Amino acid sequence: MQPGLTSKHLLLRPFVLSDALRVQELAGDARVAEPAASIPHPYPDGAAEAWIASHPSIFADRKGVVYAITRLEDAALLGAISLLEISDLHHRAELGYWLGHAFWSQGFGSEAAREIIAYAHRELGVTRVVSRCLTRNIGSARVMEKAGLVREGHLVKHVDHKGTFEDLYLYGLNLPGR
């Protein structure tokens with residue numbers, strides 16, 4: 001069973017189906033969806049439910065872990081954070097996250113990232129974390145840097161993002177271990 005994780009200001013917990021409406025509201029905000037590679041806009045009805053329903057099998061199969069980012073003081077749902085594509089062979093995972101617009105620039109993203117990375121290293125044997133963002137997504141780049149990731153590459157015209165080829169920054173973090 002996927003454990004909850006607690007940091008100074010946050011509780012990272014598994015999503016539940018009752019979170020779906022709030023996920024659709026937060027992630028469906030154009031300011032959140034536009035700079036993200038995998039969040040649709042407009043956010044379709046039923047998509048949040050399907051996404052949440054996929055999480056238990058992803059965790060059970062050791063392919064990833066997805067958490068709701070909630071504020072410890074009032075349990076407010078702020079966004080999501082995940083480590084996906086966990087490789088037992090290579091001991092690596094890919095970090096992804098989004099926060100509702102009202103929660104940007106408050107340190108929640110980097111705090112959640114540090115917590116999920118520590119959990120993955122301690123409990124899942126992950127020794128390498130990678131992440132990517134559009135080069136124009138300065139806020140996301142800053143979250144990664146504050147979480148300890150280092151910019152390792154610049155991928156030119158790497159993704160077709162909503163009809164335009166865009167560059168990505170590649171970030172990485174090596175953790176102690178193998």
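Computed over heavy atoms, backbone and side chain alike; hydrogens, waters and symmetry mates excluded. This one's a predicted model, so the numbers in the text were calculated from it and none came from an experiment.
Panel note: side chain Glu111, backbone Lys8; a donor-acceptor pair is recorded below 3.5 Å. Judged by distance alone, the side chain of His41 and the main-chain N or O of Gly28 form a donor-acceptor pair under 3.5 Å. Looking at Asp167, its side chain does come within 3.5 Å of a backbone N or O of Lys157 through a donor-acceptor pair. Side-chain atoms of Asp19 come within 3.5 Å of backbone atoms of Val16 as a donor-acceptor pair (strictly under, hydrogens ignored). In this structure, the side chain of Glu85 does not engage the main chain of Arg92 through any donor-acceptor pair within 3.5 Å. Remark: the backbone N or O of Ala102 is paired with a side-chain donor or acceptor of Gln106 at under 3.5 angstrom. Remark: side-chain polar atoms of Arg142 are not paired, donor with acceptor, to backbone N or O of Ser110 under 3.5 angstrom. A side-chain donor-acceptor contact under 3.5 Å links His121 to the backbone of Pro176. Side chain of His161 to backbone of Glu34: a donor-acceptor contact under 3.5 angstrom is found.
Classified by interplanar angle (parallel below 30°, tilted 30° to 60°, perpendicular above 60°), the ring pair Trp51/Trp98 is tilted.
At a threshold of 4.5 Å between non-hydrogen side-chain atoms, the residues Ile81 and Leu95 count as touching. A heavy-atom distance below 4.5 Å is found between the side chains of Cys133 and Met144. The closest side-chain heavy-atom distance from Phe103 to Arg71 is below 4.5 Å. Contact check for Trp104 versus Arg31: side-chain heavy atoms found under the 4.5 Å cut-off. With contacts defined as side-chain heavy-atom distances shorter than 4.5 Å, the pair Leu168/Thr135 does not qualify. Considering only heavy atoms from C-beta on, Val66 comes within 4.5 Å of Leu84 through its side chain.
Across every non-hydrogen atom of Ser131 and Leu149, the tightest pair is CB-CD2, 4.0 Å. Nearest heavy atoms, Pro14 versus Pro3: CD-O, 4.5 Å. The two residues Ile116 and Leu5 have their closest heavy-atom pair at CA-CD1, 4.2 Å. Shown here for Val23 and Ile52, the closest heavy-atom pair between the two residues is CG2-CD1, 4.4 Å. Closest heavy-atom contact between Leu99 and Val32: O-CG2, 3.4 Å. Closest of all the heavy-atom pairs between Asn137 and Pro35 is ND2-CB, 3.5 Å.
For the salt bridge (charged side-chain N to carboxylate O under 4.0 Å, His left out) test, no residue two or more places apart in sequence or in another chain qualifies with Glu123.
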**OP:** Evaluate the criterion side-chain contact (heavy atoms from CB on, under 4.5 Å) for residue pair Glu25 and Tyr43; output intermediate values, then yes/no.
**Re:** CA-CA 8 Å; Glu25 177 186 325; Tyr43 203 94; over 6 Å; no

**OP:** Let me see the working for Ile86 and Lys63 under side-chain contact (heavy atoms from CB on, under 4.5 Å), right down to the final yes or no.
**Re:** CA-CA 5 Å; Ile86 294 176; Lys63 293 182 179 175; 5.9 Å; no

**OP:** Go through the steps for Arg62 and Leu124 under the test side-chain contact (heavy atoms from CB on, under 4.5 Å), then give the verdict.
**Re:** CA-CA 8 Å; Arg62 288 188 51 93; Leu124 305 176; 3.6 Å; yes

Original post:
Could you walk me through whether Leu10 and Leu78 pass the side-chain contact (heavy atoms from CB on, under 4.5 Å) check?
Top reply: CA-CA 10 Å; Leu10 301 173; Leu78 312 180; 3.8 Å; yes

Original post:
How far apart are the C-alpha atoms of Glu94 and Arg132, what are their side-chain angles, what is the distance that settles it, and do they pass the salt bridge (Lys or Arg N to Asp or Glu O under 4.0 Å) test?
Top reply: CA-CA 8 Å; Glu94 184 162 348; Arg132 300 170 285 169; 2.7 Å; yes

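Counting non-hydrogen atoms of neighbouring residues, nucleotides and ligands closer than 6.0 angstrom, the CD1 atom of Ile138 reaches no more than 12 such neighbours.
Here CG of Leu72 is found 6.5 Å from CG of Leu11. Values are rounded to the nearest 0.5 Å. We find the CG-CD distance between Leu12 and Glu115 to be 6.0 Å, quoted to the nearest 0.5 Å. To the nearest 0.5 Å, the span separating CZ on Phe15 from OG1 on Thr70 amounts to 9.5 Å. Note that the CE atom of Met1 and the CZ atom of Phe59 stand 9.5 Å from one another [nearest 0.5 Å]. With rounding to the nearest 0.5 Å, the separation of CG in Leu77 from CD1 in Ile69 is 8.5 Å. Atoms CG and CG, on Leu134 and Leu155 in that order, are 11.0 Å from each other to the nearest 0.5 Å.
Under the 4.5 Å side-chain heavy-atom criterion for ILVMFWY residues, no single connected hydrophobic cluster contains both Val130 and Ile58. By the rule that hydrophobic residues join a cluster once side-chain heavy atoms approach within less than 4.5 Å of another member, Val126 and Tyr119 end up as members of one cluster.
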